[in-house]
Amino acid sequence: MTAATTGAAATSTTGTSTTGTSTTGTSTTGTSTTGTSTTGTSTTGTTATTGAAASRTPAEQASCPGPGPARSRSVPTWVWALPPVAVLALAFLYPLALVVQQSFTPDEGGVSLDPYADVFASEVFREALTTTVWLAVGSTVGCLVLGFVLALVIAFVPFPGGKAVARFIDVFLSFPSFLITLALLFVYGSVGMANGLWTDVTGAAEGPFHFLTTPWGVLLAEITYFTPFVMRPLLAAFSQLDTSQLEVASSLGAGPVRIIRQVILPEALPALAAGGSLVLVMCLNEFGIVLFTGAKGVTTLPMLVYSKAILESDYPAACVVAVVNIAISVGLYSLYRVVSRRAGA
């Protein structure tokens, strides 16, 4: 019985080795048996591939290279950029192109520079441009001064509710501009609280506060509304300021004014530049505040666009004024980018 078992095992081993030999081209029976019983099909497949590759001539291997790692086919980057660029062009650039085209198209038809010549020669346009520039510059200066002082108080002067006030600044940024103007009308309008209190106390027929319908009223409304846009970057900059610098400067005998001038102000310059440039551009394009104050004789470029397009139906002139307003805004933004880059903001 032992001899029969040995013969059967030998027969089985020999059959396995034959399979291994035909696959791998190896004549060692023991090695083939061990490889088959341990690695199974994967060893046989690998050795089969190796044997097939080894049996090729150099010419065949050059014409039919063996299987290599799978090549990843990535989509070019510009393909992914096409959808957002198309949406941007359709939603913004196309209407802008229509405005520019209309500015070169007079009422008689054709393409001409006559609309630009007529608008630039008009006294109304020059007055509107002057009013827009001085209101924007004055509002920006007022916002920078007031915003810097308020941000200093909130950041460095501890008082109850300071964190709540800082959070309210973020909420204030979401308010529409006409809402602030409407609130000022309730306080300083012809029938507002201030004039009503004055007439009740003095018995006068009307109160003394009528500045809201003048350019100074527009200036006050713009400073009130746009100051938080300066305070927000300033508060972010002050939160990153190392307070140990302030303590060292104070221990060396520096007063509050000197600390602000030599320690705080240099760190706040990039934030002031960012907030001031943003306020300047927004004031140049502000429409709601001027409209809701009802200021007589105050015509800015956005108000002139409204007057030409809606009241006079002079669309070429309105488009010319709009193109000038856009050019000024883009120019100021480009200047801000250059200055902020050089300042390291």
Side-chain angles (χ1 to χ4, degrees), residues 83-140 175-182 185 212-215 217-219 221-222 225-226 229 277-337:
V85 170
V87 173
L88 178 65
L90 184 62
F92 299 100
L93 299 182
Y94 179 68
L96 182 61
L98 291 180
V99 172
V100 175
Q101 179 186 3
Q102 185 66 33
S103 66
F104 290 97
T105 306
D107 294 332
E108 297 79 12
V111 178
S112 175
L113 292 175
D114 291 340
Y116 283 87
D118 295 339
V119 169
F120 291 163
S122 64
E123 185 68 22
V124 176
F125 170 77
R126 290 195 294 268
E127 291 180 358
L129 181 61
T130 303
T131 303
T132 302
V133 171
W134 86 259
L135 277 176
V137 173
S139 299
T140 303
F175 290 170
S177 60
F178 71 86
L179 183 62
I180 305 302
T181 309
L182 189 62
L185 285 174
L212 202 59
T213 57
T214 65
V218 177
L219 189 67
E222 290 186 349
Y225 178 70
F226 290 115
F229 289 88
S277 61
L278 177 63
V279 169
L280 182 61
V281 174
M282 295 179 69
C283 288
L284 284 172
N285 301 298
E286 181 55 40
F287 175 75
I289 290 178
V290 183
L291 182 65
F292 269 77
T293 54
K296 299 178 181 179
V298 179
T299 303
T300 59
L301 290 180
M303 286 294 297
L304 186 60
V305 173
Y306 172 79
S307 176
K308 291 291 184 182
I310 305 302
L311 303 181
E312 301 178 16
S313 298
D314 189 358
Y315 295 106
C319 292
V320 169
V321 179
V323 169
V324 172
N325 201 359
I326 293 172
I328 295 175
S329 301
V330 173
L332 287 175
Y333 178 75
S334 302
L335 180 62
Y336 155 70
R337 295 297 300 174

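As a basis for the values below, the full set of heavy atoms in this structure was taken, side chains included, without hydrogen atoms, waters or symmetry mates.
A distance-only check finds no donor-acceptor pair linking the side chain of Tyr225 to the backbone of Leu179 [under 3.5 Å]. The backbone N or O of Leu301 lies less than 3.5 Å from a partner atom in the side chain of Thr132, making a donor-acceptor pair. In this structure a side-chain-to-backbone donor-acceptor pair under 3.5 Å is present from Ser122 to Val119.
Considering only heavy atoms from C-beta on, Ile328 comes within 4.5 Å of Leu129 through its side chain. Between Asn285 and Asn325 the shortest side-chain heavy-atom distance falls below 4.5 Å. Using a 4.5 Å heavy-atom threshold, the side chains of Leu98 and Gln102 count as separate. Considering only heavy atoms from C-beta on, Phe125 stays 4.5 Å or farther from Val320 through its side chain. The side-chain heavy atoms of Val298 and Thr293, taken from C-beta on, include no pair separated by under 4.5 Å. Annotation: side chain of Ile289 is not in contact with side chain of Phe178 (no heavy-atom distance under 4.5 Å). With contacts defined as side-chain heavy-atom distances shorter than 4.5 Å, the pair Val87/Phe92 does not qualify.
Taking all atoms of both residues into account, the shortest heavy-atom contact from Phe292 to Leu185 is O-CD1, 3.4 Å. The minimum heavy-atom distance between Pro302 and Glu286, with the atom names listed, is CG-O, 3.7 Å. In terms of heavy atoms, Thr105 sits closest to Pro316 at O-CG, 3.3 Å. Residues Val99 and Cys319 share a closest heavy-atom pair of O-CB, 3.5 Å. Pairing each heavy atom of Leu284 with each of Ala136, the nearest pair is CD2-CB, 3.7 Å. Summarising the geometry of Tyr116 relative to Ser103, their closest heavy-atom pair is OH-OG, 2.9 Å, with the distance given to 0.1 Å.
Classified by interplanar angle (parallel below 30°, tilted 30° to 60°, perpendicular above 60°), the ring pair Phe226/Phe229 is tilted.
Note that CG of Leu332 and SG of Cys283 are 11.5 Å apart. Values are rounded to the nearest 0.5 Å. Annotation: the span from Glu222 atom CD to Thr181 atom OG1 amounts to 8.5 Å, rounded to 0.5 Å. A distance of 10.5 Å separates CG in Leu135 from OG1 in Thr130, rounded to the nearest 0.5 Å.
If you run side-chain contact (heavy atoms from CB on, under 4.5 Å) between Met282 and each of Leu280, Leu278, Val279, only Leu278 comes through.
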Could you go through the side-chain contact (heavy atoms from CB on, under 4.5 Å) check for Leu96 and Ile326 one step at a time?
CA-CA 10 Å; Leu96 182 61; Ile326 293 172; 3.4 Å; yes
